[in-house]
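See below for the structure under consideration.
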Amino acid sequence: MKINTHYTGLSPRYLFHDIDLRVKEYLTHHPDEHLLRMGVGDVTRPLPRVIVDTMQAAAEELAHADTFRGYCPENGYEWLQQTIIDHYYQPRGINFQTDEIFIGEGAGSDLGNLSELFDSDNTVAIPDPTYPAYVDANRMAGREIVLMPCLKENNFVPELPKEKVDIIYLCFPNNPTGAVLTHDQLRLWVNYARKNHSIIIFDAAYEAYISSPDIPHSIYEIEGAKEVSIEVHSFSKSAGFTSVRCGYTVVPYETGLQGMWMRRQCTKYNGTSYISQRAAQATYTPEGRTAVEANVAYYMETAQMIREGLQQVGLQVFGGVNAPYIWCATPHGMGSWEFFDLLLNRCKTICTPGVGFGHNGEGYVRFSAFSRREDVQIALKRIRTEISL
Ligand code: MLT
C-alpha cells in the first residue's frame, strides 16, 4: 500500500490534541494541581431541562414497538429540516427546500468532509489565523492553499485575494479572533465569488453570539449568496451540544453541489441519531429558545469579564463582544507558546496559543468564554498578581 503522503505535510498533532498532551505532561509532575481551563471552546453549562426531557422522551419512544425507529434519513428528518427553515431562515426572509438542509453530527466533521466535493486541483483561500481543520482537511487532499493574513492592522478581516481562488473559507463571528463582518464586508466576498466562480464555505457556528444589529447571522442575508455559498451551523456552541452532537449544513440547489453532497452523505454517513435530532428541534420551542438565549447571555457575560479583567492588567484584547472568544496580544513580545507556558506554570491557567491557529496568530493567545465562571474569576485574579506589564 501507499500512504496519502499529503499527511506528511501536516503538523504532527492537531492543535487541541497537542495542548491536551502538554497539560497531561504538566499534571504528571503536579498531580494535585487544579487547572483553570480557558482553552478549547467546549461548553460548560448544563443542558437546558427541556432538552434533556425531550431526549428522555425520544429514548423512551425507542423502547416501544409502535414508536421504535431504525436508521434515520441520511440527510435528517424532514420535521427538523422544516423547523430550521421556519424558525431560522424564514424570519430572515430566506427560503429553502428541506432537501437543501443536511442534518449532521456537528460543524467540525462537515467542514472537513465538504472538501471531498472538490478536485485537488483547486486553490483554497483560508484566513490566517483560522480554525485549524480548514487547513488540515485541504492539506490532506493536497490542495494549494493561499493564506489570507488577519492582522490587528486590518481588524482581523482578510482582504479579498488578488489572484483567482476557487474555494474560500470564512468563519464569522470568527474563531479565534472574535472579529465580525458587516453586511457590506460580506457582500464583497459574495460578489468576488460570483465573479470568479468560486465557492464560499461559511462557518456560522458562532452566529448565536452576535449582539450588534448590523451584523449578518447568515451569508444568505446577502443577495446572490445562494449561488456561491455553503453554510455550516452547529448546535454545539449555542445549545451546548458538544456531547449530544448535532449540526446542519445548507447546500443550496443554486450551487450545483446539492446532489453531490447528498450522494456523499448517503454513501458515507448513516444519519444523526433520532434522539439528537429531537433535542435540536426542542431548541426552537419557546422554552428551548429562552433557555438557549440564557446560556448564550451567560457566556457573553463571562466574555465581558475576561475582556475587562485582561484589560485591567494592561493586556491588549480583541473580540469577546459578538463572539465567545477573546484574542489577547501577548505581553513583552512573548511568543504564543511562551505565554501559554507562563500562564500554565504561574497562573495554572490553560489558554490556546494563537500560533496554533496559524502563523499570524503568533504573539497572541485565545481565551474561551465557555469556561466555568468560577475558574475565570480565579484565573483573572492570578493573572493580575502574576503578570506585570
Ligand atoms: C475551538 O476552537 O476551541 C474549537 O472550535 C473547538 C471545536 O472544534 O469546535
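Atoms within each ligand, like the ligands themselves, are counted from 1 in listed order.
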Exercise. Answer yes or no on whether Arg45 is positioned over the face of Tyr298, meaning its NZ or CZ is under 6.0 Å from the six-membered ring centre and within 45° of the axis.
Key: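 The answer is yes, since Arg45 meets both limits relative to Tyr298.
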Quiz item: With sequence neighbours excluded, what pairs up with Arg187 under the salt bridge (charged side-chain N to carboxylate O under 4.0 Å, His left out) test?
Solution: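 With sequence neighbours excluded, Arg187 shows a salt bridge (charged side-chain N to carboxylate O under 4.0 Å, His left out) to Asp184, given in chain and number order.
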Practice problem: Mind checking salt bridge (charged side-chain N to carboxylate O under 4.0 Å, His left out) for Glu221 and listing every partner two or more places apart, or none if nothing turns up? | Solution: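 With sequence neighbours excluded, Glu221 shows a salt bridge (charged side-chain N to carboxylate O under 4.0 Å, His left out) to Arg92, given in chain and number order.
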Quiz item: Taking the six-membered ring for Trp, are Tyr134 and Tyr131 parallel (under 30°), tilted (30 to 60°) or perpendicular (over 60°)?
Solution: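 Plane angle over 60°, so perpendicular.
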Quiz item: Is Glu100 salt-bridged to Lys226, going by a charged N under 4.0 Å from an acidic O?
Solution: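 No salt bridge links Glu100 with Lys226.
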Self-check item: Proximal protein residues to ligand 1, non-hydrogen atoms under 4.0 angstrom
Solution: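 For ligand 1, the residues that come within the 4.0 Å heavy-atom cutoff are Phe16, Val40, Gly41, Tyr131, Asn175, Tyr206, Lys237, Tyr325, Arg366.
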Exercise. Enumerate the residue pairs fulfilling side chain to side chain donor-acceptor pair (under 3.5 Å) with a member in residues 160-172, sequence neighbours excluded, ordered by first and then second residue.
Key: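 Residue pairs passing side chain to side chain donor-acceptor pair (under 3.5 Å), neighbours aside: Asn138-Tyr169, Lys164-Asp166.
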